[in-house]
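Here is the structure we will look at, set down as structure tokens.
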Amino acid sequence: MRISRIDQLEQYILEHRTASIDALCEEFKISKNTLRRDLEILVARGTVEKVYGGVIACENASPIPNLVTFHERAGRNAGSKQRIAALAASFVRERDIIFIDSGTTTMSIVDHLAHLSTVTVITNSLQVINKSMNYLNINLIVLPGSLKRDTASLVGSSCVEYLEDYNIVRAFMACTAISLQAGVCNASTEEYIIKKTALKKSQKHYLLADSSKFGRTSLMTFGEIGQFDCILTEQMPDDEFSSYCKDQDCAIQIAPES
């Protein structure tokens, strides 16, 4: 799949910081013409710069973080994540059909939906499934798939096919990283197509991202900032990022202190 190769190519360059055309062709078993087309996409993302005989990673492009276990990520910035989840839940209305993405911030949205009499939650997150068991007001729809332990989620083509059947009002999405150069990223190839499908099938899009996610890139870009109606975070991003969001009609809302 071309998008997967491009993201793997990006990861390789960001990790090595520099690479020759010949080395990249050999590493990825592709022709120079194919490589040049792929590199044009990475140059447009702002993470890679072409030089004579090869490419270098842009100065402001961070190496792609490795995907760590779900429990490791859950413990990071826990207070901020709870506040962001509570803010996200405030957008949900009676009888809404919502998608809750797998993630250590999104999983807590369920705990803030008790004030609604009825809400339908579609998810592939094991944590959301487990939490929903405690709330009789939640009509839970689980995407069928194979277990991915490091993200505590269900993945696979069956998830995507099942999700295609639903009309979703609001999608609450998680990410590994977000930047002006690379857009909204995640580190799991298996979850990539599920996230893209959720965006396609929903009317409103909300990105939950604590401040540690900003200014970074990760393995795959699943969405652009302009696709989101609102970014929910606990700290205002820098002026350049905020100005860009305004130009893209993407609001930024800051979760209040508890």
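For reference, positions follow the sequence shown, starting with 1.
In terms of modelled atom types and a separation under 3.5 Å, the side chain of Thr221 and the main chain of Cys185 share no donor-acceptor contact. Between the side chain of Arg170 and the main chain of Val92, no donor-acceptor pair closer than 3.5 Å is present. Listed for the Ser20 side chain is no donor-acceptor partner under 3.5 Å among the backbone atoms of Gly54.
There is a side-chain donor-acceptor pair under 3.5 Å between Ser102 and Glu191. In this model, no donor atom of one side chain and acceptor atom of the other lie less than 3.5 Å apart for Gln181 and Thr217. Of the N and O atoms on the side chains of Glu94 and Thr118, not one donor lies less than 3.5 Å from an acceptor on the other residue. Using modelled atom types, one finds no donor on one side chain facing an acceptor on the other under 3.5 Å when comparing Ser125 with Gln127.
Rounding to the nearest 0.5 angstrom, the gap separating the NE2 atom in His205 from the CD1 atom in Ile168 is 8.5 Å. Annotation: the span from Gln253 atom CD to Ile84 atom CD1 amounts to 12.0 Å, rounded to 0.5 Å. Atom NZ of Lys201 sits about 15.5 Å away from atom NZ of Lys196, to the nearest 0.5 Å. Note: Ile21 CD1 to Leu39 CG = 5.5 Å, rounded to the nearest 0.5 Å. Atoms CD1 and CD1, from Ile100 and Ile109 in turn, are 4.5 Å apart once rounded to the nearest 0.5 Å.
A heavy-atom distance below 4.5 Å is not found between the side chains of Tyr192 and Leu219.
Val169 and Asp96 make their closest contact through CG1-OD1, 3.8 Å (heavy atoms, listed as atom of the first residue, atom of the second, distance). When all heavy atoms are compared, the tightest approach of Ser242 to Pro237 is OG-O, 3.3 Å. Residues Cys175 and Lys213 come closest through the heavy atom pair O-NZ, 2.9 Å. Listed here is the closest heavy atom pair of Glu234 and Ile254: O-CG2, 3.5 Å. Taking all atoms of both residues into account, the shortest heavy-atom contact from Val155 to Ser153 is CG1-OG, 3.8 Å. Taking all atoms of both residues into account, the shortest heavy-atom contact from Ser218 to Glu10 is O-OE1, 4.1 Å.
Under the 4.5 angstrom side-chain criterion for Ile, Leu, Val, Met, Phe, Trp and Tyr, Val43 has no cluster partners at all.
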Please lay out, stage by stage, how Thr104 and Lys81 fare under the test side chain to side chain contact (heavy atoms under 4.5 Å, CB included).
CA-CA 7 Å; Thr104 56; Lys81 291 175 179 179; 2.8 Å; yes

May I have the step-by-step check of side chain to side chain contact (heavy atoms under 4.5 Å, CB included) for Leu208 and Ile231, ending in yes or no?
CA-CA 6 Å; Leu208 284 67; Ile231 296 173; over 6 Å; no

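Listed by first and then second residue, the salt bridge (charged side-chain N to carboxylate O under 4.0 Å, His left out) pairs involving residues 237-252 amount to none (not counting sequence neighbours). Among residues at least two apart or in separate chains, ring pair (Phe, Tyr, Trp, His ring centres under 6.0 Å) pairs with a member in residues 233-252 are Phe214-Phe241.
For Tyr166, the ring pair (Phe, Tyr, Trp, His ring centres under 6.0 Å) partners at least two apart in sequence or on another chain are Tyr162. Qualifying ring pair (Phe, Tyr, Trp, His ring centres under 6.0 Å) partners for Phe172, counting only residues two or more places apart in sequence or in other chains: Tyr206. Partners of Lys32 under the salt bridge (Lys or Arg N to Asp or Glu O under 4.0 Å) rule, at least two apart in sequence or in another chain, are Asp22. Checked against side chain to side chain contact (heavy atoms under 4.5 Å, CB included), Glu49 has the following partners two or more places apart in sequence or in another chain: Ile56, Cys58. With sequence neighbours excluded, no residue forms a ring pair (Phe, Tyr, Trp, His ring centres under 6.0 Å) with Tyr135. Scored by the salt bridge (Lys or Arg N to Asp or Glu O under 4.0 Å) test, Glu40 finds Lys50 as partners (sequence neighbours excluded). Residues that satisfy the salt bridge (Lys or Arg N to Asp or Glu O under 4.0 Å) test with Glu26, not counting sequence neighbours, are Lys29. Residues passing the salt bridge (Lys or Arg N to Asp or Glu O under 4.0 Å) test with Lys131 are Asp111, sequence neighbours excluded.
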Could you go through residues 137-146 and list every donor-acceptor pair under 3.5 Å that involves a side-chain atom there, pairing it with any protein atom two or more places apart or in another chain?
residue	atom	partner	partner atom	Å
Asn137	ND2	Leu113	O	2.9
Asn137	ND2	Leu116	O	2.8
Asn139	ND2	Thr120	OG1	3.2

